[in-house]
Participant: 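Can you keep this structure in mind? I'll have questions shortly.
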Amino acid sequence: MAVLRLPEPFDFELSTERFRAFGPDLANLWVDGALHRVVGRREVRIEPARGGVRVEPLDAETRPVVLKLLGAEFDLGAFYRWARRDPVLRRLTRELVGFRPPLAPDPFETLIGSITAQQVSMFAAFAIRNRLIERFGRRAEHAYAFPTAKRLRDATQDKLTALGFSGRKAEYVLGLAQEPVDLRELAELPDDEVKRRLVSIRGIGEWTAIWFLARHLARPRAWPIGDLALDKAVRTLYPEAGDPRAFGERFEPFQNLSAHYLLTGLRLQV
DNA sequence: ACCCAGGCATTGG
DNA sequence: CCAATGCATGGG
């Protein structure tokens, strides 16, 4: 059996909740209790198993992607020990034991996804993103491979606005598809440098850059300043909180995991 | 018919 | 430096 072990604790349902919470996600598709995603040319099926997940096919190409996707790199033990000192996080970490924030394995996909989510509701964002995937991605068996930069170079302003992008966002997507910078090399750079380079690209502001650090690079200290949902979660769970921007320091050095637990905690009403 | 939702660039003080 | 503005969709 092709079982991929994940560090304990791990809760499959909780960790994949985001892929279902806002409607279907054609690139991370829920099919009969399993998560489907295209890696390279092949569709991979990921389902819960004792001690981890059953992955089909499991090999040198799919293994690292699945580990990334399921947040295997987070050190939950250290986070949980640290969280005991904060009453809110102590409760959330106990309610959400084994929740590993799902990560976006591909940098281009991460940025395009964030652009679609700028300013609109997550339901609207997922709807538009799914139409982009259907139109410019490649379907495998059930799931789709997210559109590559190369494929999106065939897009035009009109084709993108027809999918629901605003004119401005269509420009951002086209610009990013032409962008010569190698997004993969950002992984080697410190947080501030990644942020500086990303923000210099049109359509990418502070919010998008920080989510890239958090959700693609899994940087522990990424704290999504300016995120409406996170601000709301902070105001709800910490009524005494002042400026959410400064409030992130409270979670040093676990801002990323804290943000994910606050958001998911609020969404699941725990 | 509103209003709000996991922002951003642009413009004008 | 900060405030105001337009943007397109989905859900309430």
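Here is how names work: the chains are called A, B, and so on, in the same order as the sequence lines, proteins then strands, and each is numbered from 1.
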Participant: Taking only side-chain N and O atoms of A:Thr208, does any of them lie within less than 4.0 angstrom of OP1 or OP2 on B:dC8?
Facilitator: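 For A:Thr208, the contact criterion (side-chain N or O under 4.0 Å from OP1 or OP2 of B:dC8) is met.
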Participant: Please tell me which of A:Arg267 and A:Gly203 maps to the more 5' nucleotide of DNA chain B, matching each residue to the nucleotide holding its nearest heavy atom.
Facilitator: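 This one resolves to A:Arg267.
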Participant: Quick test: give all pairs of protein nitrogen or oxygen and nucleotides 10-12 of chain C nitrogen or oxygen below 3.5 Å, distance rounded to 0.1 Å.
Facilitator:
| residue | atom | partner | partner atom | Å |
| --- | --- | --- | --- | --- |
| C:dG10 | OP1 | A:Arg131 | NH1 | 2.9 |
| C:dG10 | OP1 | A:Arg131 | NH2 | 3.4 |

Participant: Quick one: A:Asp227 CG to B:dG7 P, roughly how many Å, whole number?
Facilitator: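 Distance check: A:Asp227 CG to B:dG7 P gives 6 Å.
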Participant: For residues A:Trp30 and A:Phe12, establish whether the separation of their ring centroids is below 6.0 Å.
Facilitator: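 That pair passes the under 6.0 Å test.
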Participant: Rounded to the Å, how far apart are A:Ile201 CD1 and B:dC8 P?
Facilitator: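 It works out to 13 Å between those atoms.
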Participant: Taking the minimum atom-to-atom distance to the side chain of A:Met122, which one of B:dG6, B:dC8, B:dA9 wins?
Facilitator: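 Looking only at side-chain atoms, A:Met122 lies closest to B:dG6.
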Participant: Pick from A:Trp211, A:Phe79, A:Phe254: which one makes a ring pair (Phe, Tyr, Trp, His ring centres under 6.0 Å) with A:His260?
Facilitator: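 Considering A:Trp211, A:Phe79, A:Phe254, a ring pair (Phe, Tyr, Trp, His ring centres under 6.0 Å) with A:His260 is found only for A:Trp211.
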Participant: Using atom CG of A:Asp231 as one end and atom C1' of B:dA5 as the other, report the distance to the nearest whole Å.
Facilitator: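 Value for this atom pair: 13 Å.
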Participant: Can you tell which of A:Val65, A:Leu35, A:Val44, A:Val39 makes a side-chain contact (heavy atoms from CB on, under 4.5 Å) with A:Val55?
Facilitator: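 Testing A:Val55 for a side-chain contact (heavy atoms from CB on, under 4.5 Å) against A:Val65, A:Leu35, A:Val44, A:Val39 leaves exactly one candidate, A:Val44.
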Participant: Determine whether a donor-acceptor pair (one donor, one acceptor, N or O, separation below 3.5 Å) exists between the side chain of A:Arg168 and the base of B:dG7.
Facilitator: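 No, no donor-acceptor pair under 3.5 Å.
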Participant: NA contact type, A:Ile115, heavy-atom cut-off 4.0 Å: base, sugar-phosphate, or nothing?
Facilitator: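 It contacts nothing in the nucleic acid.
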Participant: Which nucleotide in the set B:dC8, B:dG6, B:dG7 lies at the smallest distance from any side-chain heavy atom of A:Gln119?
Facilitator: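 Of the options given, the side chain of A:Gln119 lies nearest B:dG7.
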Participant: Hey, does the side chain of A:Ser15 reach the backbone of A:Gly98 with a donor-acceptor pair shorter than 3.5 angstrom?
Facilitator: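 Side chain of A:Ser15 to backbone of A:Gly98, a donor-acceptor pair under 3.5 Å: yes, one is there.
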Participant: Whole angstrom is fine here: how far is it from CD in A:Glu17 over to P in B:dG6?
Facilitator: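 Checked: the CD to P distance equals 13 Å.
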Participant: How close or far is atom C1' of B:dG6 from atom CZ of A:Arg235, stated in whole angstroms?
Facilitator: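 Going from A:Arg235 (CZ) to B:dG6 (C1'), I get 12 Å.
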Participant: When the distance from CG of A:Leu163 to P of C:dC7 is rounded to whole Å, what number comes out?
Facilitator: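 So the two atoms are 19 Å apart, to the nearest Å.
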Participant: Ignoring hydrogens and geometry, is there a side-chain-to-backbone donor-acceptor pair from A:Glu43 to A:Glu141 under 3.5 Å?
Facilitator: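 The answer is yes, because a donor-acceptor pair under 3.5 Å joins these two groups.
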Participant: Which nucleotide, B:dC8, C:dC7, B:dG6, lies nearest any side-chain atom of A:Tyr172?
Facilitator: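 Nucleotide nearest to A:Tyr172's side chain: B:dC8.
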Participant: Could you check whether any side-chain N or O of A:Thr62 sits under 3.5 Å from a backbone N or O of A:Pro57, counting only pairs where one atom can act as donor and the other as acceptor?
Facilitator: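 Yes.
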Participant: Using a 3.5 Å distance criterion without hydrogens, assess whether the side chain of A:Asn256 forms a donor-acceptor pair with backbone atoms of A:Arg221.
Facilitator: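 Such a contact is absent between A:Asn256 side chain and A:Arg221 backbone.
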Participant: How far does the P atom of B:dG6 sit from the matching atom of C:dA3, given to the nearest Å?
Facilitator: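 These two P atoms come out 23 Å apart once rounded.
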Participant: So, does A:Lys68 use its side chain to make a donor-acceptor pair with the main chain of A:Leu103 at under 3.5 Å?
Facilitator: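 Side chain of A:Lys68 to backbone of A:Leu103, a donor-acceptor pair under 3.5 Å: no, none is there.
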Participant: Heavy-atom nearest nucleotide on DNA chain B for A:Val120 versus A:Val199: which residue maps closer to 5'?
Facilitator: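 Counting from the 5' end, the first nearest nucleotide belongs to A:Val120.
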Participant: If I take atom CD in residue A:Gln118 and atom C1' in nucleotide B:dA9, what distance separates them, rounded to the nearest angstrom?
Facilitator: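 Spelled out: CD on A:Gln118 to C1' on B:dA9 is 10 Å.
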Participant: Which part of the nucleic acid, if any, lies within contact of A:Leu230, taking any heavy atom under 4.0 Å across all strands shown: a base, the sugar-phosphate backbone alone, or nothing?
Facilitator: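 If one applies the 4.0 Å heavy-atom cut-off, A:Leu230 turns out to touch nothing in the nucleic acid.
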Participant: Let me know the distance between CZ of A:Arg202 and C1' of B:dT10, rounded to the nearest Å.
Facilitator: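 In whole Å, B:dT10 C1' and A:Arg202 CZ are 9 Å from each other.
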